[in-house]
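See below for the structure under consideration.
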There are 2 protein chains.
Amino acid sequence: MDRLEDDVRVRLRQAAMALFEERGYERTTAAAIAARVGVTERTFFRHFPDKREVLFDGEAVLRTALTAAIAEAPGALGPLATLFWSFRSIRPLLENNRHYSEPRHALIARTPPLYERELAKTAALTDALVDALRLRGVADLRAALAARTGMAAFGHAVIAWLEDPEPGLGERLERTFAETVALVAEAGH
Amino acid sequence: MDRLEDDVRVRLRQAAMALFEERGYERTTAAAIAARVGVTERTFFRHFPDKREVLFDGEAVLRTALTAAIAEAPGALGPLATLFWSFRSIRPLLENNRHYSEPRHALIARTPPLYERELAKTAALTDALVDALRLRGVADLRAALAARTGMAAFGHAVIAWLEDPEPGLGERLERTFAETVALVAEAGH
DNA sequence: AGTGCCGATGTCAGTCACTGACAACAGGAG
DNA sequence: CTCCTGTTGTCAGTGACTGACATCGGCACT
């Protein structure tokens, strides 16, 4: 039912990704993306607030899944354990999207403006995690620190996995969590 | 010696900050900034690659200071302890700049495009920390994870301090480091 | 002093991201 | 058949940048 409504939107996303890969982000105009889909530039900007955003539609899905997972996590877990639990629980979501997110990540990594936007999305996600933790009764500053620390580990694991699928995502996550614990324990005087 | 050469550059920075505070970032054109200094818009863009960058000249100083500190840190320290040590050693630098960086932070925090650029600068700084740790013999992935985790704590402490000077920066740093240790220990099974 | 070089700036034209205003058009509800 | 609403096209305009070229004020070398 959204399929037809979002038809143009979806095709714009695909056309954008294709053109960015062909000619590169900078040398692809918004008008060119629109033209490939058969609409005007104006229509492109009605679907996406700016040219970069066309690659970042999926963020909301991840945010929803993560905040939901945090809400459903076992109540006994501390803030960081809650986050680790949530990261583990959305593994299938990430694994199913690998074929799409891997080339996307490569493109973003080599395109500064896109990388900037990615960082902003990650920051927004982190804020959402903070809110979710607060709903569980975690104090503000503590929630913020836990979210930052957790996202540091999560981001590290996901990027490592996107750039090399070798150990699976599950393995990457566990190793990263364990290494974080080791790293911090070692620094604790 | 640089004083006169960089005269225009410095004045552009100041004019930009002043205008952004008066009218807001969006409603301030690059031409307006240039005009206030008595140069043309073209000259503005010869000094700064883009409009946002005019607020981010200081980043290099911080990066230099931090990487130098990492190189000079006691050899016995582990990666994260090295970072904490470096963050502590940078404290005077930050404290001396508070009068400048506090309003700047407030402006950046309420201006999305500037916030994006700030995130990018922080990411670049993190990369520099990774390199500095590698020079000390820390393995790549381990260095990356330590840098991310360390920056999570450092960023959290600095922002909290910028938004409320109450406990001094030193106190903020120590509390944040300690809380990170506690948070992670608690999550370590 | 004269000459030549160089770095910083001005000028100008052009591209492209993005926006507001208004018209056109299609399908659905009444 | 008509009204309403949501999507798109059209057009004009602003502002961030960029490349090319001219100018101008030292500064070095002779």
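Letters A, B, ... are given to chains in the order of the sequence lines, protein chains preceding strands, and every chain is numbered from 1.
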A:Arg98 (side chain) donor-acceptor with A:Leu162 (main chain) under 3.5 angstrom:
yes
Within residues 27-41 of chain A, those residues having any heavy atom closer than 4.0 Å to DNA chain D are A:Gly38, A:Val39, A:Thr40
Whole angstrom value for the distance that separates C1' of C:dT15 from CD of A:Glu26
13 Å
Just how far, in rounded Å, is C1' of D:dG6 from CG of A:Asp7?
16 Å
Separation of B:Phe20 atom CZ from D:dA16 atom C1', in whole Å?
12 Å
Kindly say whether A:Leu114 contributes a backbone atom to a donor-acceptor pair with the side chain of A:Thr111 at under 3.5 angstrom?
no
Atom-pair distance (NZ on A:Lys51; C1' on D:dA16), nearest Å
13 Å
My understanding is that only one of B:Phe87, B:Trp161, B:Trp85 makes a ring pair (Phe, Tyr, Trp, His ring centres under 6.0 Å) with B:Phe154; could you say which?
B:Phe87
Roughly how bent is the helix from C:dA1-D:dT30 to C:dG30-D:dC1 end to end, in steps of 10 degrees, with each end axis from five pairs?
10°
Evaluate the ring planes of B:Tyr25 and B:Phe20, with Trp represented by its six-membered ring, and classify them as parallel (under 30°), tilted (30 to 60°) or perpendicular (over 60°).
perpendicular
Would you say the side-chain atoms of A:Arg23 pair up with the backbone N or O of A:Thr28, donor to acceptor, closer than 3.5 Å?
no
Residues joined to A:Leu183 in its hydrophobic cluster, side chain to side chain under 4.5 Å directly or through other members, sorted by chain and number, are B:Leu145
Taking 4.0 Å as the cut-off, does a side-chain nitrogen or oxygen of A:His47 come that near to OP1 or OP2 on D:dT7?
no
In whole angstroms, the gap separating P of C:dT19 from CZ of A:Phe48 amounts to 14 Å
Examine the base of C:dG20 for any acceptor or donor lying under 3.5 Å from a partner atom in the side chain of A:Arg42, and report the outcome as yes or no.
yes
Which whole-number value in Å describes the distance from A:Leu19 CG to C:dC16 P?
14 Å
Check whether any side-chain N or O of B:His156 sits under 3.5 Å from a backbone N or O of A:Leu141 as a donor-acceptor pair, and report yes or no.
yes
Using whole Å, what does the distance between atom P of nucleotide C:dA8 and atom CZ of B:Arg11 come to?
15 Å
Using modelled atom types only, decide if a donor and an acceptor are shared between the side chain of A:Arg172 and the backbone of A:Val158 within a distance under 3.5 Å.
no
As a test of reading the structure: which of D:dC17, C:dC18, C:dT11 is closest to the side chain of B:Arg46, going by heavy atoms?
C:dT11
Answer yes or no: does a side-chain N or O of A:Thr43 lie under 4.0 Å from OP1 or OP2 of D:dT7?
no
Can you check whether B:Leu55's main-chain N or O pairs, donor with acceptor, with B:Arg104's side chain at less than 3.5 Å?
yes
Rounded distance in Å - CZ (A:Phe44) to P (D:dT10)
18 Å
